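Following: one structure in structure tokens, then a few remarks.
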Amino acid sequence: MIGRVWSLAVSVFFDALRRKVVWVVILFAAVMAAAIPSLPSYGFGVVEAVYREIALALTYVATMVLTVALAANRIPAEVERRTAYGVLVRSVRRWEYLLGTWLGILVTVGAAVAAFTVVDIVVGWLTYGEIMLRLAEGTFAILLEAGVVAAFCVAVSSITGPVVVVVSSLAFLFIAHSRSQLLAPGDALWGLYPSLDTLNIINPVAHGTGVSLTYVASMIVVFAAWVAILLVFATGLFSSRDL
Amino acid sequence: MVDEQATQVAAIRIDGARKVYSAIGGQHREAVRDVTFTVKAGGVHGLLGPNGAGKTTTLKMLLGLVKPSGGTFELLGEPAGPVARARVGFLAEQPYFSPLLTAGQTLSLHGRLSGMSRADIRVRSNELLVRVGLEGKESLLLSKFSRGMLQRLGIATALVHRPELIVLDEPASGLDPVGQRDVRNLILELREGGATVLLSSHQLSEVEAVCDQVTILNRGKVAAAGRIDELLNVAGETSFRVAGSSDVLPESVAGRVSDVAFAGGSHMFSVADNDVRIVFDALDDAGWRILSMTPKRESLEDYFARLLESSTEEVAS
């Protein structure tokens with residue numbers, strides 16, 4: 001089972017590496033990161049913090065664009081072009097196919113996030129003389145959120161087309177980051193609201209001292225829970241579908 | 001005894017297959033209704049039918065791509081499911097692969113999904129690429145492959161894990177005549193190697209050349225099934241192919257023959273079995289050469305057309 005899922009993930013990874021969108025997004029993000037220090041109006045003493053904040057925000061946007069670009073059309077295209085037939089007529093369960101696809105996207109995005117992180121740290125070091133390893137905490141959180149978004153895209157794309165996936169994933173991101181604007185911590189719905197705020201650690205990484213290991217563990221739990229729910233939902237939808 | 005039991009196990013058993021597609025607005029379309037047939041292990045079985053007959057839907061239900069509305073499906077003596085499918089190879093009509101993978105990566109993926117080791121995949125891939133005429137193309141991206149090359153790769157992926165049962169949906173689609181001949185030879189090789197092949201095809205000549213048994217579907221039902229000889233032989237008539245010094249058949253023969261055709265310097269005609277001896281002797285006496293004499297057989301095309309006409313009449317009445 002693990003072998004089949006991993007084989008699918010590797011195939012998705014090699015396929016993604018040859019997609020222009022991956023390299024365009026990475027190149028664009030690298031150029032933008034290199035250009036951050038040239039932005040004007042940095043206050044004295046906070047210039048490194050502002051750099052970290054913009055670098056993480058840029059990494060976040062680039063990662064989400066890449067994730068949606070890779071995940072939105074993966075399954076619809078495979079079903080439409082019948083690429084999925086050759087896989088699913090083997091001893092591959094539909095949930096294995098979905099999990100392998102998701103994992104392949106996550107691995108690809110993970111490689112891109114690692115590249116973004118290296119660029120951010122190198123540019124920060126060359127410009128400010130400080131090795132900002134703390135940025136890796138922030139980019140790790142971004143990767144976890146990308147994993148959730150990829151799972152969401154896989155779930156929606158298991159029964160619809162890429163346009164619906166893109167629109168719904170943007171709506172999903174908006175809703176998942178609007179809890180604090182819509183509710184107060186004491187409200188009855190606070191605990192039930194589908195929120196990804198736990199994965200947003202740009203502020204403590206950019207302006208504070210980062211997050212504790214306990215907090216990192218809580219982020220992983222949130223990530224795993226979201227991904228599990230979304231992929232179970234995706235399996236339910238995809239299993240009932242005629243190909 | 002064991003061998004006898006093994007050969008008695010059906011490679012495919014489909015019983016009462018039914019598929020109803022529902023559309024928004026409550027409309028239903030019955031694509032397959034009560035299809036039942038068995039494919040014996042170790043032979044080549046043809047699945048024929050016009051477009052919309054239900055062939056592909058039946059195959060998809062058998063292989064888990066479409067959820068059946070009814071019926072039972074068995075593969076190699078087991079309920080059709082992921083476990084049984086590990087022993088089955090499938091070639092879809094117009095197989096598509098990711099254009100961003102190479103032929104080697106594609107074969108490797110399919111081998112890994114079937115539980116093969118890396119070393120075994122490497123050996124088997126090299127062997128299969130030679131066998132399907134793609135030698136040296138292992139590192140080439142599939143975006144650079146022609147349709148015929150993709151079809152050949154599809155055959156290779158279907159065979160990579162040495163399946164006991166191979167389901168081929170229009171395997172010669174997109175291939176040139178040489179490719180079609182290669183596919184035909186490959187099917188015969190597979191049969192000689194003990195595999196079972198289910199061949200779904202529109203190319204009746206291909207089916208006629210390689211299949212032992214056929215099942216013909218029409219309008220979602222089994223319209224006919226049996227050995228090709230039984231379905232096509234015309235009882236009581238014999239076909240002759242003869243050549244002589246004249247363009248006109250001897251008078252003593254002309255009155256006893258039917259369906260006369262003249263092409264390439266030879267005459268072809270049919271004779272009632274009772275008249276075979278008389279016609280043979282008359283031709284011999286007149287100095288004509290008998291090139292062939294075989295039981296009269298309807299072409300599969302003619303049989304197929306007649307079957308479809310009769311079912312259309314049934315529906316009309």
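Order of the sequence lines sets the chain letters (A, B, ...), proteins ahead of strands, with each chain counted from 1. What you are looking at is a predicted structure, and each value in this text was computed from that prediction instead of being measured.
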message: To the nearest 0.5 Å, what is the distance between OG on B/S201 and NZ on B/K55?
response: 8.5 Å
message: Just verifying a value: how many Å separate B/E138 CD and B/T106 OG1, rounded to the nearest 0.5 Å?
response: 10.5 Å
- prompt: In terms of heavy-atom pairs under 4.5 Å with chain A, which of B/L63, B/L65, B/V88 leads?
  reply: B/L65
- line: Of B/V167, B/T157, B/L101, the largest count of non-hydrogen pairs under 4.5 angstrom with chain A goes to B/L101
Quick one: what part of [X] sits under 4.5 Å from any heavy atom of chain B, side chain, backbone, both or neither?
{"X": "A/R94", "answer": "side chain"}
{"X": "A/R81", "answer": "both"}
{"X": "A/L8", "answer": "both"}
{"X": "A/V87", "answer": "both"}

Going by the angle between their ring planes, with limits at 30° and 60°, are [X] and [Y] parallel, tilted or perpendicular?
{"X": "A/F152", "Y": "A/F172", "answer": "parallel"}
{"X": "A/F238", "Y": "A/Y97", "answer": "parallel"}
{"X": "B/H45", "Y": "B/F37", "answer": "parallel"}

For [X], is it the side chain, the backbone, both or neither that has a heavy atom under 4.5 Å from a heavy atom of chain A?
{"X": "B/P99", "value": "both"}
{"X": "B/A84", "value": "neither"}
{"X": "B/A86", "value": "both"}
{"X": "B/L141", "value": "side chain"}
{"X": "B/K60", "value": "side chain"}

message: Testing A/L106, A/L98, A/I105 one by one against A/W102 for a side chain to side chain contact (heavy atoms under 4.5 Å, CB included), which residue passes?
response: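 Running side chain to side chain contact (heavy atoms under 4.5 Å, CB included) over A/L106, A/L98, A/I105 with A/W102 returns exactly one hit, A/L106.
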- prompt: If you measure only the distance, is there a donor-acceptor pair under 3.5 Å linking the side chains of A/T59 and A/D120?
  reply: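 Present: a donor and an acceptor within the cut-off.
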Electrostatic pair B/D169-A/R82, nearest N-O below 4.0 angstrom: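 No, this pair does not count.
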- request: Pick whichever of A/S91, A/A84, A/A77, A/G86 has the most heavy-atom pairs under 4.5 Å with chain B.
  value: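 Of the candidates given, the most pairs with chain B belong to A/S91.
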